[in-house]
Amino acid sequence: MSSKRDKLVIAVPKGRILHELMPLLRATGIEPEPAFYDDSVRQLRFATNSVDLDIVRVRSFDAATFVAFGAADLGVVGADVLMEFNYAEIYAPVDLGIGYCRLSVAEPEEMSGSDDPGTWSHIRVATKYPEITRRYFAQRGVQAECIKLSGAMELAPNLGLCRRIVDLVSSGDTLRANGLVEIEQIAEITSLLAINRTAWKTRPQKIGKLIEDFRKALAKARSTIETV
Ligand code: PRP
């Protein structure tokens, strides 16, 4: 295998977003080697049909970390992660329009009828997004005390950790299944193409071509939807 220096590396998130991303990747002409699709393999870095490009599959927060520190040259990163970490080294020029969801405040259904957010001055919130949460509430003079969790936020009100959460909501099924309701929407979220700024400066042609390939694939997908 060639070293990272010879090849560009793209970091993509595992799970739900990967399913939405694959048709777009193929439309840009990127096809990973077969092992990439095999969940039983322990290999983490994969070749693609391009001799110049390898692909790695990582957790969604980690895709941003790999790109921000230049370990991956580009990646697919959620707007939620970019808002939370605000990495100076990441440039995100293309909204891929996939992974749509909302970042929302939620609380137990039985509380929501009588709760008036206008009266809050201090709240305790379980979230994976303490920076976004603090900033959002600070703007209106509410002090948010954040308890950082990495997942299963919806359990927190249930088990008495706190009454409110800030988390991603897509279908709303996870909230409903845990007796919670969305009470405020902080942001709409999609995934973006993230580029390491230094990599772009040092390899402008290769990275510029990839950005262009993504833009063309998106434009083609949109025009197909419009003509259907
Ligand atoms: C996300 C999010 C919610 C769930 C919302 O978790 O944190 O738990 O999806 O989706 P829904 O509204 O369609 O039910 P994810 O499954 O990505 O796993 P995570 O806990 O690792 O973040």
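In each ligand, atom 1 is the first atom listed, and ligand 1 is the first ligand listed. For the single chain, residues carry numbers from 1 onward in sequence order. All figures in this text were calculated on a predicted structure; none of them were measured in a lab.
Remark: side-chain polar atoms of D73 are not paired, donor with acceptor, to backbone N or O of A199 under 3.5 angstrom.
For ligand 1, the atoms closer than 4.0 angstrom to any heavy atom of S171 are 11 (P), 12 (O), 13 (O), 14 (O). Residue L168 approaches ligand 1 through these ligand atoms, each under 4.0 Å from one of its heavy atoms: 2 (C), 3 (C), 5 (C). Listed by atom number, the atoms of ligand 1 under 4.0 Å from E154 heavy atoms are 3 (C), 8 (O). Heavy-atom contacts of V169 reach the following atoms of ligand 1: 12 (O) (cutoff under 4.0 Å). Below 4.0 Å from some heavy atom of D173 lie the following atoms of ligand 1, by number and element: 12 (O), 14 (O). Residue contact check: D167 has heavy atoms under 4.0 Å from atoms 2 (C), 3 (C), 7 (O), 8 (O) of ligand 1.
Atom 9 (O) of ligand 1 has as its closest protein heavy atom R16 NH2, 2.6 Å. Among all protein heavy atoms, the one lying closest to atom 19 (P) of ligand 1 is K128 NZ, 4.2 Å.
Residue-to-ligand polar distances place G172 within reach of ligand 1: an N/O pair is separated by less than 3.5 Å.
In terms of hydrophobic clustering, with Ile, Leu, Val, Met, Phe, Trp and Tyr side chains grouped at heavy-atom distances under 4.5 Å, L74 and L18 are assigned to a common cluster.
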Quick one: do R164 and E107 satisfy salt bridge (charged side-chain N to carboxylate O under 4.0 Å, His left out)? Show the steps, please. CA-CA 5 Å; R164 300 176 182 94; E107 66 184 15; 3.2 Å; yes

Between E184 and Y136, is a side chain to side chain donor-acceptor pair (under 3.5 Å) present by the stated rule, with each step listed? CA-CA 11 Å; E184 285 184 30; Y136 173 75; 2.5 Å; yes

Applying salt bridge (charged side-chain N to carboxylate O under 4.0 Å, His left out), run through R102 and E182 and close with a yes or a no. CA-CA 10 Å; R102 311 177 290 278; E182 204 173 351; 2.8 Å; yes

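Within 6.0 Å of atom OH in Y87, more than 12 heavy atoms from other residues, nucleotides or ligands are found, so the atom counts as buried in its surroundings.
Taking each heavy atom of Y37 and E31 in turn, the nearest pair found is OH-OE2, 2.7 Å. Summarising the geometry of A194 relative to V77, their closest heavy-atom pair is CB-CG2, 3.7 Å, with the distance given to 0.1 Å.
Of all the heavy atoms of T174, the ones lying under 4.0 Å from any atom of ligand 1 are found in both the backbone and the side chain.
Taking 4.0 Å as the cut-off, R176 does not count as a neighbour of ligand 1 on heavy-atom distance.
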